[in-house]
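Report on the structure given below.
Residue numbers start from 1 in every chain, and the chains themselves are labelled A, B, ... in the order their sequence lines are given, proteins ahead of strands.
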2 protein chains.
Amino acid sequence: MAPSTRPAGNRRERPAKPALTRAGIVDTALRVMAAEGLDRVTMRRLAQELDTGAASLYVYVRNTAELHAAMLEELLGQIDLSPVTADGDWQDRLVQILTSYTAILFGHPGLAQSALVTRPNGPAYFGLVDGVLALLAAGGIPGGRAAWAVDLLLHLATSAAAEQGTREHAIDTQDEDEALLAALRDAPAGRFPHLAAIGAGELMSGGGAERLSWGFHVLINGVIQTPRPEPEATS
Amino acid sequence: MAPSTRPAGNRRERPAKPALTRAGIVDTALRVMAAEGLDRVTMRRLAQELDTGAASLYVYVRNTAELHAAMLEELLGQIDLSPVTADGDWQDRLVQILTSYTAILFGHPGLAQSALVTRPNGPAYFGLVDGVLALLAAGGIPGGRAAWAVDLLLHLATSAAAEQGTREHAIDTQDEDEALLAALRDAPAGRFPHLAAIGAGELMSGGGAERLSWGFHVLINGVIQTPRPEPEATS
DNA sequence: ACCTGAACACCGTTCAAGT
DNA sequence: ACCTGAACACCGTTCAAGT
């Protein structure tokens, strides 16, 4: 309203130093992550990128964990929730949105790791939870049971991504796998008879995607079959 | 065999500085963790405790992640595997050993967190896996399916502990819960109808133990019902 | 209210040099 | 082979002081 009192020349020229905002910080964090990985997303590095001091960021985010949660919340906006209202089998549609969620996390495994420990709680996450609940309701799962089931389903997706992510950015993944395989083979069959019977190969078999999809179906089938311990509220 | 060439006076007197060994490092790490939490178990702090320099530890452990894995492996020795060979329903016995595993992790939540990302691979862990496989075999689960199921079951236990652990050592757990509850209540019912229908209370209801036990049963029931995608190897 | 520089109190890991 | 001190390259967070 009143004419700007700032120094001349800032009318519409490129603002060399954009105002600090929470959204700006989160976007910068996502950009740095995309370019160099989550490890490099530190308060100090972000501050440098934003041409300020690390201390300034604490006006907008409480700490690093909250920053990570905000980054994930931002990405969660990309989830395709259209299967919620589409036609077709509810189980298939449920797996579709879980897969959409998983795809985002697989693209940003560091965030998946932090999501295991700090649950996101913004509107995008709520939208996902609401979508899963909608499909469980469509499948006739009582509300109380569904409330618990959401957690199980999202958790499986999150931890699969976190795990796969750790593996991929570790340089010595193959070494570790070989070590584990070797350890499994060396495990005395007398002491670990069932392990020996099944064999190391079988234990580690299957692509991540195949296993995850199987896991989703295990959970869905299990949820259908398993009432909550307490007398369930009727929807 | 040959008489010691070390300085006199070390025959059987208290060794002020015990020899560095991997086992000694791991034990010290466990002691520090018990006293002050996993955060304080740093290479530098451990070195100080062992009266040496941090660099010396790298002769025995590759890095911090490996140290954590070794600590967990040590604790896993305490798991009660007796239900594996006991009488009774295989599902009950399976839940018993999973609960025994969980109890250890709940006592050391920081380690649970690191186990989500770096799988343990020592004999104690193999013993646990073998026990779970034994009970799944007792339940008639085909070997190939059982191999995948172990992962799911142990993962659920691990992540429940990791999560609960984070909460407990966070000072602002209650603040966070209140914030989440408030956010859930504020979530517009029009936008998140199913969330609103179920209610925040329901979504977060249930003690950890109750929910975890339900989760185990969901998985077991699901595993019973859900064949692996490929034609399964016959036992 | 917002922003800053500087400080506090640390980290993991590597490496050349010693024994 | 094992052990060490010192160095490299960083961290998150707080706080008094400025605007």
Quick one: side chains of residues 124-134 of chain B, donor-acceptor pairs under 3.5 Å with protein atoms, not counting sequence neighbours, listed by atom name and distance.
unit_1	atom_1	unit_2	atom_2	d
Asp130(B)	OD1	His194(A)	N	2.8
Asp130(B)	OD1	Leu195(A)	N	2.7

Practice task
In whole angstrom, give me the gap between the P atoms of dA9(D) and dC10(C).
Solution key: 23 Å
Fill in the blank from the handout: For Ala209(B), the side chain to side chain contact (heavy atoms under 4.5 Å, CB included) test, sequence neighbours excluded, returns none
Exercise for the section: Using atom CD of Glu66(B) as one end and atom C1' of dT13(C) as the other, report the distance to the nearest whole Å. Expected result: 14 Å
Handout entry: Set of side-chain hydrogen bond (donor to acceptor under 3.5 Å, both in side chains) partners for Glu36(B), sequence neighbours left out
Key = Arg45(B)
Fill in the blank from the handout: To the nearest angstrom, the CG-C1' distance between Leu46(A) and dT13(D) comes to 15 Å
Fill in the blank from the handout: Tightest non-hydrogen contact, residues Val223(A) and Trp214(B), listed as CG2-CH2, 4.2 Å
Exercise for the section: May I ask you to decide if Leu111(A)'s main-chain N or O and Ser114(A)'s side chain share a donor-acceptor pair within less than 3.5 Å? Expected result: yes
Which atom pairs, donor and acceptor, lie under 3.5 Å between side-chain atoms of residues 21-29 of chain B and protein residues at least two apart or in another chain?
unit_1	atom_1	unit_2	atom_2	d
Thr21(B)	OG1	Gly24(B)	N	2.8
Arg22(B)	NH1	Tyr60(B)	O	3.1
Arg22(B)	NH1	Glu66(B)	OE2	2.7
Thr28(B)	OG1	Gly24(B)	O	2.7

Between the protein and nucleotides 5-12 of chain D, which nitrogen or oxygen pairs are less than 3.5 angstrom apart?
unit_1	atom_1	unit_2	atom_2	d
dC11(D)	OP1	Thr42(A)	OG1	3.2
dG12(D)	OP1	Met43(A)	N	3.4
dG12(D)	OP2	Met43(A)	N	3.3
dG12(D)	N7	Arg44(A)	NH1	2.4
dG12(D)	O6	Arg44(A)	NH1	2.7
dG12(D)	O6	Arg44(A)	NH2	3.4

Completion exercise
Here DNA chain D, pairs taken as Watson-Crick or G-U under 3.5 Å and shown with ( ), [ ] when crossing and | when to another strand, reads ||.|||||...|||||.||
Practice task
Keeping the roles fixed (side chain from Glu73(A), backbone from Pro120(A)), state whether a donor-acceptor pair exists under 3.5 Å.
Solution key: no
Problem - P gap between dT13(D) and dA17(D), integer Å - result: 24 Å
Practice task
Please confirm whether the backbone N or O of Asp80(B) pairs with a side-chain atom of Ser100(B), one donor and one acceptor, at under 3.5 Å?
Solution key: yes
Handout entry: Pairwise C1' distance, dT14(D) and dC3(C) [rounded to whole Å]
Key = 14 Å
